[in-house]
Amino acid sequence: MKQQKMVGVVLAGMMAFSMLAPQAEAKTVQVTLHATEVDLPIDNKGTMYRTWTFDGKVPGPVVRVTEGDTVEFTLINDKANKNSHSMDFHAARLDVVKDFGSIKPGEDKKFTFTATYPGVFFYHCGSDPMIQHIARGMFGTIIVDPKDAKALPKADREYVLIQSELYPNPDAKEEMMQNKWSNVMFNGGVFKYDPVHDPAATRWLQAKPGERVRIYFVNAGPNEFSSFHPIAGIWDKVYASGNPKNVQTGLQSFVVGPGDAATFDLISPVEGANAIVTHSLKGALTGAIAVLMFSNDADPKMGHGEQILVR
Ligand SMILES: [Cu+2]
């Protein structure tokens, strides 16, 4: 009798504990993106390029939801555009024809999906020719945070880096098919965060020594693989597709193919800089280097809120 009572108390305690565990409530999230065809700078000098975009930016906005959320998505293809566009979320399981199919300028379309798997996922336009729609800038990331807030160690700062190739002539689909790129970029700019290789660069990533810096890395391609490496650092943890279950420890580099993504955690024990690169060196030396400065005076705003994707 006494024993039964004790089991009852223990079970009630366990139930109360599980109710208190930090599990986010699933919600419905409305996401609307506009396909727009605009001129944007692709380097620190301000060289303009005829891009195709989501919401007038390369990369497009960071979409962020929690595992289990329902995403009600609307794509609007602006009337002023000349081309059909579409949306392909790698975080969704849907019908490729009905949901990811193209719409003409002046049209819009909706689809709904549940973000079942936590992680970091690519999104992109899939309209024909897909290689050109991606090369011209129609890509971004959707981060699906795990519903268990303790599934990943707490990050002190977060950054998004999206790698892509620059093709000098945005109209030359054949040159894209032949992989004739001139530069590899992070977040749509040549040496965007690298004042060492380009004195015109005014931005870099910042953190303090000892902080856990989490980088959501996406390789938009459309063609090149990335051997993602922090020069003078070691990845403390790498999560393939950003899923907490896919954890690896103490890696020097990790290959992320075109259309793929991974989450990388980095902690520096010292002040100084790391250079985050694709160690495929033609890519790094033509523009895919981001300086991450570890300093006790790091700007507290960097790596938080809107400053996870440094524009
Ligand atoms: Cu498109």
Side-chain angles (χ1 to χ4, degrees), residues 30-42 47-63 71-113 120-143 160 162-189 218-224 257-261 309 311:
Q30 310 280 341
V31 177
T32 299
L33 294 176
H34 289 252
T36 58
E37 300 171 357
V38 292
D39 292 337
L40 287 177
I42 40 83
T47 306
M48 300 305 274
Y49 191 82
R50 187 71 180 151
T51 63
W52 297 341
T53 75
F54 291 107
D55 278 13
K57 298 167 188 164
V58 178
V62 175
V63 178
V71 178
E72 289 182 1
F73 175 67
T74 305
L75 175 67
I76 297 169
N77 188 350
D78 282 358
K79 240 187 288 186
N81 293 337
K82 293 192 167 65
N83 300 276
S84 290
H85 296 293
S86 61
M87 172 56 93
D88 173 341
F89 278 110
H90 283 199
R93 292 183 293 170
L94 291 168
D95 182 87
V96 62
V97 176
K98 176 168 72 71
D99 299 307
F100 290 174
S102 295
I103 53 169
K104 295 193 177 88
E107 293 180 347
D108 57 74
K109 84 181 298 176
K110 292 177 193 290
F111 59 75
T112 299
F113 65 95
V120 56
F121 296 90
F122 187 38
Y123 73 67
H124 62 96
C125 176
S127 293
D128 189 46
M130 194 200 292
I131 194 168
Q132 186 181 26
H133 286 252
I134 293 173
R136 290 180 76 144
M138 297 194 82
F139 55 77
T141 189
I142 173 168
I143 299 169
V160 169
I162 305 187
Q163 178 176 320
S164 64
E165 299 116 43
L166 175 66
Y167 293 84
N169 179 353
D171 295 315
K173 187 191 84 174
E174 280 314 310
E175 290 175 9
M176 294 162 186
M177 293 296 287
Q178 291 160 17
N179 205 18
K180 287 184 175 166
W181 50 267
S182 57
N183 302 79
V184 176
M185 307 183 283
F186 286 149
N187 291 347
V218 178
N219 185 1
N223 292 320
E224 286 296 316
D260 202 358
L309 201 170
R311 298 281 181 189

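Atoms within each ligand, like the ligands themselves, are counted from 1 in listed order.
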With a 4.5 Å cut-off on side-chain heavy atoms, are Pro258 and Phe122 touching?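 No, side chains not in contact.
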Is there side-chain contact between Pro170 and Tyr49, with at least one heavy-atom pair below 4.5 Å?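 Yes, side chains in contact.
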As a test of understanding, state which of Asn81, Asp108, Asp78 forms a side chain to side chain donor-acceptor pair (under 3.5 Å) with His34.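 Checked Asn81, Asp108, Asp78 against His34; only one passes side chain to side chain donor-acceptor pair (under 3.5 Å): Asp78.
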Name, closest N/O/S atom of His85 to the Cu ion (ligand 1):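 Output for this pair reads ND1.
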Looking only at N, O or S atoms, which one in His133 sits nearest to the Cu ion (ligand 1)?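 Result for His133 and the Cu ion (ligand 1): ND1.
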Do any N/O/S atoms of Met138 come under 2.8 Å of the Cu ion (ligand 1)?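 Under 2.8 Å: Met138 contacts the Cu ion (ligand 1) through an N, O or S atom.
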Strictly below 4.0 Å, N to O, side chains only: are Arg136 and Asp171 in salt-bridge contact?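 Judged by the 4.0 Å cut-off on N to carboxylate O distance, Arg136 and Asp171 do form a salt bridge.
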